[in-house]
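Note sheet for the following structure.
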Amino acid sequence: MSLVEKVKRALGGDDRVDAQQLVERLDALQRFLRVTDPYLPDNDLVAAHTLVERAGSRLALSQDHTVVALAGSTGSGKSSLFNALARLKLSPVGVRRPTTGVAHACVWGPLEPANRLLDWIGVLPRQRFIRESALDGDDEAALRGLVLLDLPDFDSVERGHRLEVDRLLGLVDQVVWVVDPQKYGDRILHNAYLRQFRSHTDVTIVVLNQADRLSPGDTEIVLTDLKRLLDEDGLTGVPAMATSAKQPGMLTELREALEKTVAERQASLRRLAGDVDTVAEQLAATIGPPAAEDEIDRATVRQLSDALAASAGVPAVAAATEGAYRHRAIASTGWPLIRGVRKLRPDPLKRLHLSTDKKDTEPSQELVPVSRTSLPEADAAQKSAVGLTVRAVAARAAAPIPEVWAPALNTAARSRLGDLPDALDRAVAKTDLGMNRKPFWWTAVGLLQWLLTIAAVVGLGWLLAGYAVRVLGLPAFDNPKVGEVPLPTLLLLGGLILGLLLAVLLRPIVNAGARRAGRRAEQRLRASVTEVGREYVVAPVREVLHAYAQAREALTVVRSE
Ligand SMILES: Nc1nc2c(ncn2[C@@H]2O[C@H](COP(=O)(O)OP(=O)(O)OP(=O)(O)O)[C@@H](O)[C@H]2O)c(=O)[nH]1
Ligand SMILES: [Mg+2]
């Protein structure tokens with residue numbers, strides 16, 4: 001019994017179960033199961049599943065009937081009480097134990113409307129009886145709507161009896177536990193049964209039967225002791241009374257209790273509400289503090305992208321980009337002779353089959369599942385580093401929430417591990433490395449180099465022409481001079497020296513540019529790789545965390561009373 005319920009009861013307040021609220025709690029339980037089913041072990045959820053199904057069936061069946069079971073150990077007098085309450089000999093009472101093997105039912109009022117309920121409970125048609133007779137007049141009217149069950153014994157030598165009792169105890173609305181003066185302290189009765197009804201104190205009655213065999217003083221002593229045991233079972237406040245199947249006068253209190261139950265028509269709802277309490281208590285272990293879905297911290301994601309970057313060959317591509325920048329810069333701005341030699345060497349990026357012209361590759365990207373680059377596959381150490389960081393993501397997500405979610409988070413984190421290499425390779429191939437556009441100054445310097453070379457060639461030609469004129473003895477011509485230096489010499493030497501000087505002076509600038517290009521490529525590649533990590537590792541983990549958050553929210557409703 002919840003604290004609220006206890007207080008209400010102590011104050012004599014209304015402890016009725018609101019059917020609408022019960023349905024809302026059951027809906028929330030169903031929601032809880034829907035979101036947790038893929039992630040939590042079946043064992044933790046089986047009781048909740050059974051309850052949802054059972055509650056659905058019971059609520060759909062007659063609410064005008066209250067099913068009360070007489071349960072207890074063999075020989076306690078269940079069948080005798082059943083017959084005495086019905087005032088008919090319906091269930092055989094015997095000397096040979098156990099006597100009752102299957103449940104018997106007695107319906108107060110017409111049988112027909114109760115039949116579907118009894119079909120569902122599983123009482124054989126031939127064991128169903130009616131307590132409705134013209135002779136009774138209105139004597140039995142107060143019990144109209146009662147469906148009383150006489151159960152087999154739970155402590156039977158017949159294993160089947162116990163199974164049947166357990167099944168029926170799960171379905172009935174209220175239980176009257178029948179104990180006798182010899183066995184009222186029985187360990188199985190208290191540990192295996194009564195204690196399990198802790199959440200059902202409002203639908204539990206305990207009777208000390210065969211009280212006619214005790215003196216009134218002894219009856220009081222035994223009843224007091226029985227109540228003490230019930231307290232220990234967590235059944236404080238449960239009605240406990242003395243009865244006798246042999247003396248009709250000693251059944252009044254039980255009859256009145258049953259009349260009250262029937263009149264209230266609350267037992268079925270109270271029973272289910274108690275079941276929801278029990279299940280909610282069990283499920284509480286699977287839910288802990290809230291877990292922010294996006295709270296896989298940056299450090300963990302950074303670790304993951306570090307490992308993914310290494311395994312995707314990001315450093316190699318960044319180095320190749322740096323090399324490609326240098327290669328292309330020299331090919332564009334170098335001294336024209338050197339440029340020619342440069343162009344014979346392959347471009348480092350093209351060597352990795354990393355096209356720098358994105359227009360060629362993008363449309364077909366999705367259709368090509370295999371690697372597009374010629375980067376070497378990740379080695380064992382890199383693969384295991386990826387495995388470790390993936391597990392770290394799962395562990396990080398699992399840390400604040402109950403242990404039972406850890407396997408699901410781990411499975412989720414690893415669910416797309418097999419697709420990672422291809423995805424990484426595609427991401428690397430797709431990344432714009434920033435090498436598409438040729439810097440303007442390369443063209444300008446390239447032109448200048450050509451001008452200088454042309455100047456040198458013109459100078460050389462001029463000098464050669466002057467030399468030829470002299471050799472052939474043709475009329476010589478004076479070379480124009482700039483200061484003291486003849487113009488052709490100036491053109492030749494100036495062109496050569498300035499060209500070389502330009503190439504040498506630009507070297508550090510090219511190197512700095514190459515480093516910058518390498519860094520930029522690395523940043524972009526890391527961003528792509530991090531995106532893959534988010535999609536393939538973090539997203540599935542977040543899905544589980546999302547389910548956890550939904551389950552948490554649903555359980556709050558299940559637990560509300
Ligand atoms: N004196 C006395 N004897 C009773 C009382 N109730 C039952 N008995 C006797 O106790 C014996 C067992 O009674 P049953 O009603 O068959 O007991 P049960 O609980 O149905 O037993 P099972 O069907 O074997 O589980 C019978 O001999 C009854 O006559 C009672 O209130 N007073
Ligand atoms: Mg019996």
Side-chain angles (χ1 to χ4, degrees), residues 67-107 118 121-124 126-129 131 146-169 171-172 174-190 192-194 197 204-223 225-226 239-258:
V67 185
V68 179
L70 296 167
S73 55
T74 184
S76 59
K78 299 178 293 297
S79 303
S80 305
L81 272 183
F82 179 80
N83 292 339
L85 286 167
R87 299 192 226 263
L88 293 169
K89 261 193 159 232
L90 303 176
S91 183
V93 171
V95 249
R96 231 180 38 142
R97 302 261 70 87
T99 305
T100 314
V102 288
H104 290 58
C106 182
V107 180
L118 287 167
I121 292 171
V123 176
L124 296 174
R126 65 170 181 277
Q127 315 293 7
R128 301 175 190 176
F129 305 96
R131 186 64 185 87
L146 173 67
V147 178
L148 190 66
L149 300 187
D150 175 23
L151 303 195
D153 53 323
F154 64 70
D155 56 352
S156 196
V157 284
E158 303 280 345
R159 198 169 158 268
H161 288 194
R162 182 171 183 162
L163 293 177
E164 179 67 348
V165 171
D166 290 349
R167 187 182 73 76
L168 289 163
L169 284 177
L171 301 176
V172 300
Q174 172 150 16
V175 184
V176 175
W177 294 94
V178 182
V179 302
D180 61 49
Q182 284 86 44
K183 291 200 283 181
Y184 70 89
D186 181 65
R187 205 170 45 83
I188 300 181
L189 167 70
H190 287 275
Y193 288 95
L194 288 171
F197 279 73
T204 301
I205 296 177
V206 181
V207 299
L208 173 67
N209 193 37
Q210 305 188 15
D212 59 294
R213 294 173 148 187
L214 301 172
S215 69
D218 287 347
T219 305
E220 267 321 299
I221 294 171
V222 176
L223 258 186
D225 197 36
L226 175 60
M241 58 195 74
T243 57
S244 166
K246 303 273 167 162
Q247 292 186 12
M250 292 181 79
L251 281 180
T252 322
E253 207 183 338
L254 175 59
R255 246 189 126 76
E256 279 171 8
L258 291 176

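All ligand and atom numbering here is 1-based and tracks the order in the structure. Model, not experiment: these values are computed from the prediction. Just so it is clear, the values below take in all heavy atoms, side chains as well, and ignore hydrogens, waters and symmetry mates.
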Any side-chain heavy atom of [X] within less than 4.5 Å of one from [Y]?
X: Val107; Y: Leu118; answer: yes
X: Glu220; Y: Leu223; answer: yes
X: Leu171; Y: Val67; answer: no
X: Thr243; Y: Val178; answer: no

Where is the nearest protein heavy atom to [atom]: which residue, which atom, and how far?
atom: atom 16 (O) of ligand 1; answer: Arg97 NH2, 2.9 Å
atom: atom 20 (O) of ligand 1; answer: Ser79 OG, 2.8 Å
atom: atom 10 (O) of ligand 1; answer: Gln210 NE2, 3.7 Å
atom: atom 18 (P) of ligand 1; answer: Lys78 N, 3.6 Å
atom: atom 27 (O) of ligand 1; answer: Gly94 O, 4.0 Å
atom: atom 21 (O) of ligand 1; answer: Gly75 N, 3.0 Å
atom: atom 29 (O) of ligand 1; answer: Lys246 NZ, 3.2 Å
atom: atom 14 (P) of ligand 1; answer: Ser80 OG, 3.7 Å

Mind checking whether Gln247 contacts ligand 1 via backbone (N, CA, C, O), side chain (CB onward), both or neither, at a 4.0 Å heavy-atom cut-off?
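It is neither; nothing of Gln247 touches ligand 1.
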Which part of Thr74 is near ligand 1, with near meaning a heavy atom under 4.0 Å away: side chain, backbone, both or neither?
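For Thr74, the contact with ligand 1 is made by both the backbone and the side chain.
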Nearest 10° is fine: what angle sits at the Mg ion (ligand 2) between OG1 from Thr100 and OG from Ser79?
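Result: 90°, to 10°.
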Report yes or no: does Arg131 contribute a side-chain atom to a donor-acceptor pair with the main-chain N or O of Cys106 at less than 3.5 Å?
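No.
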Can you tell me if Arg162 uses its side chain to pair, donor with acceptor, with the backbone of Ser156 under 3.5 Å?
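Checking the backbone N and O of Ser156 against the side chain of Arg162, no donor-acceptor pair under 3.5 Å is found.
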Shortest non-hydrogen contact from [X] to [Y]?
X: Lys183; Y: Thr74; result: NZ-O, 3.3 Å
X: Ile205; Y: Met241; result: CG2-CE, 3.9 Å
X: Thr219; Y: Ala211; result: OG1-O, 3.9 Å
X: Ser76; Y: Gln210; result: O-NE2, 3.3 Å
X: Arg167; Y: Gly122; result: NH2-O, 3.6 Å
X: Pro92; Y: Thr100; result: O-OG1, 4.3 Å

Exercise: do Tyr184 and Asn209 side chains pair donor with acceptor under 3.5 Å
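No donor-acceptor contact under 3.5 Å links the two side chains.
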Please verify the inter-ring angle class for Phe82 with His104; under 30° counts as parallel, over 60° as perpendicular, anything in between as tilted.
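Perpendicular, since the angle between the ring planes exceeds 60°.
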Ligand 1 atoms in contact with [X] (distance to a heavy atom under 4.0 Å):
X: Val93; answer: 13 (O), 14 (P), 15 (O), 16 (O), 26 (C), 28 (C), 29 (O)
X: Arg213; answer: 1 (N)
X: Asn209; answer: 5 (C), 6 (N), 31 (O)
X: Ser76; answer: 19 (O)
X: Pro98; answer: 24 (O)
X: Asp212; answer: 1 (N), 2 (C), 30 (C), 31 (O), 32 (N)
X: Thr99; answer: 22 (P), 23 (O), 24 (O)

Geometry only, no angles: is [X] polar-contacting ligand 1 at N/O separations under 3.5 Å?
X: Asp150; answer: no
X: Ala245; answer: yes
X: Gly77; answer: yes
X: Leu151; answer: no

Do you see an N/O/S atom of Ser91, backbone or side chain, under 2.8 Å from the Mg ion (ligand 2)?
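Short answer: no, not a single N, O or S atom is under the cut-off.
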Indicate if the distance from the Mg ion (ligand 2) to the nearest N, O or S atom of Ser80 falls below 2.8 Å.
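Of the N, O and S atoms in Ser80, none lies under 2.8 Å from the Mg ion (ligand 2), which means no.
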Gly72 touching ligand 1 at heavy-atom level, < 4.0 angstrom:
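Checking ligand 1 against Gly72, which is what was asked, there is no heavy-atom contact under 4.0 Å.
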Option among Asp155, Asp153, Asp166 that satisfies the side-chain hydrogen bond (donor to acceptor under 3.5 Å, both in side chains) test with His161
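One option only clears the test, and that one is Asp153.
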